[in-house]
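Read through the structure below, which is laid out as structure tokens, and then see the notes.
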Amino acid sequence: GNYYASTDKLKFIVQKLGEDGSVVHSFVISSKKVKADKPIYYKKWNPSEAGYYRLKVSAYMSGSLVEAVKAIVTIV
């Protein structure tokens, strides 16, 4: 769904995954307040080591999660 109108905060999250898919380390790389006049948000992340990572962007409204998008990437 389109949750943009009901979102007030975005969190950009990186999770390093172990070989079994479990989260080894998780951290918020950025937290941005959503502005009505800014429909696109950009965040650059540079991995510090090779491995499997889950990249997530989570959208919140009044502290509650309303939407999350994620991708798994392999860094060699």
Side-chain angles (χ1 to χ4, degrees):
N2 182 2
Y3 295 98
Y4 179 75
S6 62
T7 299
D8 61 10
K9 186 176 193 178
L10 296 175
K11 283 187 181 178
F12 296 84
I13 302 161
V14 174
Q15 295 176 320
K16 180 145 181 18
L17 304 176
E19 290 183 18
D20 63 354
S22 64
V23 176
V24 173
H25 183 68
S26 181
F27 56 98
V28 176
I29 57 173
S30 180
S31 185
K32 304 270 185 192
K33 185 172 181 173
V34 173
K35 298 178 182 175
D37 62 342
K38 187 175 181 184
I40 297 173
Y41 289 81
Y42 171 80
K43 182 62 188 166
K44 184 177 180 180
W45 168 71
N46 293 314
S48 59
E49 61 185 56
Y52 300 102
Y53 293 86
R54 180 183 296 127
L55 308 177
K56 293 172 52 173
V57 178
S58 298
Y60 294 85
M61 181 62 179
S62 300
S64 295
L65 179 67
V66 292
E67 183 69 75
V69 188
K70 53 190 158 187
I72 303 286
V73 297
T74 303
I75 307 299
V76 293

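Positions are given from 1, in the same order as the sequence printed here.
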Going by heavy atoms in the side chains, are F12 and V28 under 4.5 Å from each other? no

Check for me whether the distance between the ring centres of Y53 and W45 falls short of 6.0 Å.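 Here the rings of W45 and Y53 have centres that are less than 6.0 Å from each other.
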
Are V14 and V73 connected in the hydrophobic side-chain network, where two residues link if heavy atoms are under 4.5 Å apart?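 The answer is yes; both residues are in one hydrophobic cluster.
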
After noting the C-alpha distance and the side-chain angles of L10 and V34, does the key distance pass the side chain to side chain contact (heavy atoms under 4.5 Å, CB included) rule? CA-CA 7 Å; L10 296 175; V34 173; 3.7 Å; yes

Is the backbone N or O of S62 less than 3.5 Å from a side-chain atom of D8, with the two atoms forming a donor-acceptor pair by type?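 Confirmed, D8 side chain pairs with S62 backbone.
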
Exercise: identify the closest heavy-atom pair between R54 and V23: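 Minimum heavy-atom contact is NH1-CG2, 3.8 Å.
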
Looking only at heavy atoms, which two atoms of V66 and T7 are closest? And how far apart? CG2-OG1, 3.8 Å

Side chain to side chain contact (heavy atoms under 4.5 Å, CB included) for Q15 and H25? Distances and angles first, verdict last. CA-CA 6 Å; Q15 295 176 320; H25 183 68; over 6 Å; no

Rounded to the nearest 0.5 Å, what separation is found between the NZ atom of K9 and the CG atom of L65?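 If we round to the nearest 0.5 Å, K9:NZ and L65:CG are 12.5 Å apart.
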
Does the ring of Y52 carry K16 above it, NZ/CZ under 6.0 angstrom from centre and within 45° of its axis?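 The answer is no; the distance or angle limit is not met.
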
Evaluate the criterion side chain to side chain contact (heavy atoms under 4.5 Å, CB included) for residue pair L55 and I13; output intermediate values, then yes/no. CA-CA 6 Å; L55 308 177; I13 302 161; over 6 Å; no

